[in-house]
Peer 1: 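Take this structure first; my questions come after.
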Amino acid sequence: MQANQKYFEPELFRIELNACIQSLRSVTFLLQKHKADIPGFAAWYQVWQERMREDPLMAWSVEARNRIVKQGDLKLHSILRVSIVASYFEHEVPFLQYEATPKLTSAKILRDVQKAPMPLKVMRHGYLRLERRWVANDLPSHELLGVLSHCWEFLSKLLQDAPGVHEATKDSPLSAEGLPPCMVEDPELRSLWVKLATGEASSLTFEPVVLDPTKKEALLEKYEVRSVKALSSLEDASLRELAQHYFSLAKIVLRKDKYHILLVVLILRNNSIKLLQLQPEDQADKYRLWRQVAVEVKRSRARALIAISEAWNATFDPAHPFRHAVDYPNRREVLHVIAASDAGETLALIAPFERRDGEIVFGEDEETDSGGDINLLAPVQAVWRTKIGR
């Protein structure tokens with residue numbers, strides 16, 4: 001975690017990297033120290049030793065630890081990738097890349113980049129992303145946080161496989177809860193973001209939604225959600241059934257509260273759910289927040305996603321291909337539910353509504369199949385296409 005947090009502070013990152021490599025290596029030292037307490041240790045550990053020797057990143061970490069202890073700091077260098085994010089799609093993000101010395105601080109990077117002219121068409125809806133990538137000179141093709149993440153996961157699996165480990169913990173934490181946030185290797189986590197419209201560095205992120213179990217009955221009573229047919233199980237429900245279930249609940253919330261937050265429901269592989277609240281102030285924030293959702297999908301290994309929000313809806317005008325729905329004169333308010341899965345399924349449900357005399361009046365529901373791609377989900381679908389966690 002400390003190496004992650006100090007990524008843009010070269011000297012501190014070097015210190016934390018050294019400490020993390022040494023801590024990872026201490027796991028096997030402790031195992032060998034207590035081998036007498038582990039039944040069948042010799043035969044079991046011999047198999048894992050061979051796996052470690054055959055794993056290039058684990059082998060590198062052993063050598064790196066020895067070098068740190070006996071010779072001093074590793075030789076590192078960093079690459080800076082500067083990009084302008086004004087789209088949900090990575091292939092539409094222009095960037096430039098150059099070598100950055102380890103002494104180059106984030107403050108100096110920001111000053112230099114802000115002097116460069118920015119394309120006018122993205123000034124309103126864009127972010128400047130400064131992505132740094134640290135590599136070791138003797139391992140140039142691997143980003144160092146990714147190496148640490150790989151080694152942590154390898155050792156976690158080793159410990160879970162140890163003789164005598166209780167069966168109830170065999171699938172924890174990797175298959176159920178996913179990687180710890182500090183062990184997810186992703187460009188989002190090693191980037192600084194500057195909003196082009198204001199020139200200010202941003203710390204925008206989603207908010208986890210935690211339901212208070214002591215208020216469950218009060219919420220059931222307030223929203224009268226018992227009228228909505230319960231799902232038999234998350235495991236057996238189809239994507240359409242999941243979408244329609246949350247669509248029905250969202251209608252009740254909107255009718256009762258007169259608004260609905262932008263809520264993302266992640267369906268995890270252990271068939272639990274995780275709730276995220278997104279609070280974008282403008283289109284630029286949406287581009288960034290959905291990249292953060294993609295990181296959480298990657299970390300938690302979610303298998304499906306339901307996104308619920310109020311939205312503006314308008315018929316596409318080919319004469320104005322870059323116009324957002326909010327800017328169309330004939331726009332309408334809708335309750336919008338988008339559903340997608342790691343199997344490539346997608347579905348969108350829309351309920352047009354009007355506000356009449358303080359009440360929400362819904363029109364007729366609409367359902368569309370997007371044919372597989374939904375623009376705002378592009379970062380999430382890119383994660384699923386890599387088959388991470390499947």
Side-chain angles (χ1 to χ4, degrees), residues 79-98 109-110 113-114 116-133 184-206 262 264 276 278-298 302 305 307 309-328 331 336 338-340 342 344 346 348 368 370-386 388:
I79 296 171
L80 179 67
R81 190 175 192 252
V82 181
S83 54
I84 297 172
V85 177
S87 168
Y88 293 113
F89 298 95
E90 268 315 297
H91 68 267
E92 295 181 358
V93 176
F95 71 93
L96 58 92
Q97 183 169 289
Y98 60 88
I109 293 169
L110 284 171
V113 174
Q114 285 174 336
M118 296 296 155
L120 293 178
K121 65 179 181 179
V122 298
M123 284 297 293
R124 182 183 176 191
H125 300 303
Y127 264 97
L128 180 70
R129 181 173 66 193
L130 308 177
E131 175 194 334
R132 198 163 197 164
R133 187 174 185 269
V184 180
E185 197 290 303
D186 192 276
E188 169 64 31
L189 302 179
R190 45 186 170 82
S191 298
L192 292 178
W193 294 76
V194 178
K195 202 168 216 177
L196 293 177
T198 64
E200 297 178 354
S202 170
S203 57
L204 181 71
T205 188
F206 59 74
L262 174 45
V264 176
L276 312 175
L278 278 56
Q279 297 178 288
E281 293 184 359
D282 53 29
Q283 187 63 39
D285 287 353
K286 292 178 183 178
Y287 294 140
R288 184 175 177 202
L289 282 169
W290 278 103
R291 282 172 167 79
Q292 293 184 335
V293 171
V295 174
E296 183 58 26
V297 166
K298 181 178 181 180
L305 175 152
S309 67
E310 292 181 55
W312 291 110
N313 179 264
T315 302
F316 176 73
D317 183 354
H320 301 280
F322 300 109
R323 179 184 284 176
H324 297 286
V326 67
D327 298 319
Y328 276 80
R331 67 181 188 265
H336 198 195
I338 294 172
D342 64 357
T346 56
T368 61
S370 67
D373 289 323
I374 296 176
N375 285 358
L376 62 82
L377 290 185
V380 173
Q381 291 175 317
V383 167
W384 279 333
R385 276 193 289 270
T386 64
I388 289 176

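Numbers for residues simply follow the sequence, beginning at 1. No experiment lies behind these values; they were computed from the predicted model shown.
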Peer 1: Under 4.5 Å between any side-chain heavy atoms of Phe89 and Asn375, yes or no?
Peer 2: yes
Peer 1: Could you tell me which residues satisfy side-chain hydrogen bond (donor to acceptor under 3.5 Å, both in side chains) with Tyr287, sequence neighbours excluded, listed by chain and number?
Peer 2: none
Peer 1: What's the spacing between Lys298 NZ and Glu296 CD if we round to 0.5 Å?
Peer 2: 12.0 Å
Peer 1: State, yes or no, whether a side-chain contact exists between Thr346 and Gln381 at a heavy-atom distance under 4.5 Å.
Peer 2: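 Contact flag for Thr346/Gln381 side chains = yes.
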Peer 1: Once side-chain hydrogen bond (donor to acceptor under 3.5 Å, both in side chains) is applied, do any residues pair with Asp285, and if so which ones, sequence neighbours excluded?
Peer 2: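 With neighbours one apart ignored, the set is Tyr127, Lys195.
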Peer 1: State the OG1-CD1 distance between Thr368 and Ile374, to the nearest 0.5 angstrom.
Peer 2: 7.5 Å
Peer 1: Could you pull out all residues at least two apart from Leu262 that satisfy side-chain contact (heavy atoms from CB on, under 4.5 Å)?
Peer 2: Leu278, Pro280, Ser309
Peer 1: Checking Glu131 side chain against Ser83 main chain: does a donor-acceptor pair fall under 3.5 Å?
Peer 2: no
Peer 1: To the nearest 0.5 Å, tell me how far Trp193 CH2 sits from Thr205 OG1.
Peer 2: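 These two atoms lie 11.5 Å from each other.
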Peer 1: With Glu310, which residues qualify under side-chain hydrogen bond (donor to acceptor under 3.5 Å, both in side chains), at least two apart?
Peer 2: Arg355
Peer 1: Where do Ala86 and Gly126 come nearest, in terms of heavy atoms and distance?
Peer 2: CB-CA, 4.1 Å
Peer 1: Any idea which heavy atoms bring Ala314 and Arg331 closest together, and the distance?
Peer 2: CB-CA, 4.2 Å
Peer 1: Could you walk me through whether Val264 and Trp290 pass side-chain contact (heavy atoms from CB on, under 4.5 Å), step by step?
Peer 2: CA-CA 10 Å; Val264 176; Trp290 278 103; 3.7 Å; yes
Peer 1: Which atom names give the shortest non-hydrogen contact between His336 and Ala311, and what distance separates them?
Peer 2: CB-CB, 4.2 Å
Peer 1: Using side-chain contact (heavy atoms from CB on, under 4.5 Å) as the criterion, list what pairs up with Ser203, not counting sequence neighbours.
Peer 2: none
Peer 1: So which heavy atom on Gln292 is nearest to which on Phe206, and how close?
Peer 2: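 For Gln292 versus Phe206, the nearest heavy atoms are OE1-N, 3.5 Å.
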Peer 1: What is the minimum heavy-atom distance between Tyr88 and Ala378, and which atoms define it?
Peer 2: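 Between these two residues, the closest heavy atoms are O-CB, 3.6 Å.
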Peer 1: Name all residues meeting the side-chain hydrogen bond (donor to acceptor under 3.5 Å, both in side chains) criterion together with Arg288; count only those two or more places apart in sequence or in a different chain, and write none if there are none.
Peer 2: Ser202
Peer 1: Any side-chain heavy atom of Arg291 within less than 4.5 Å of one from Val85?
Peer 2: yes
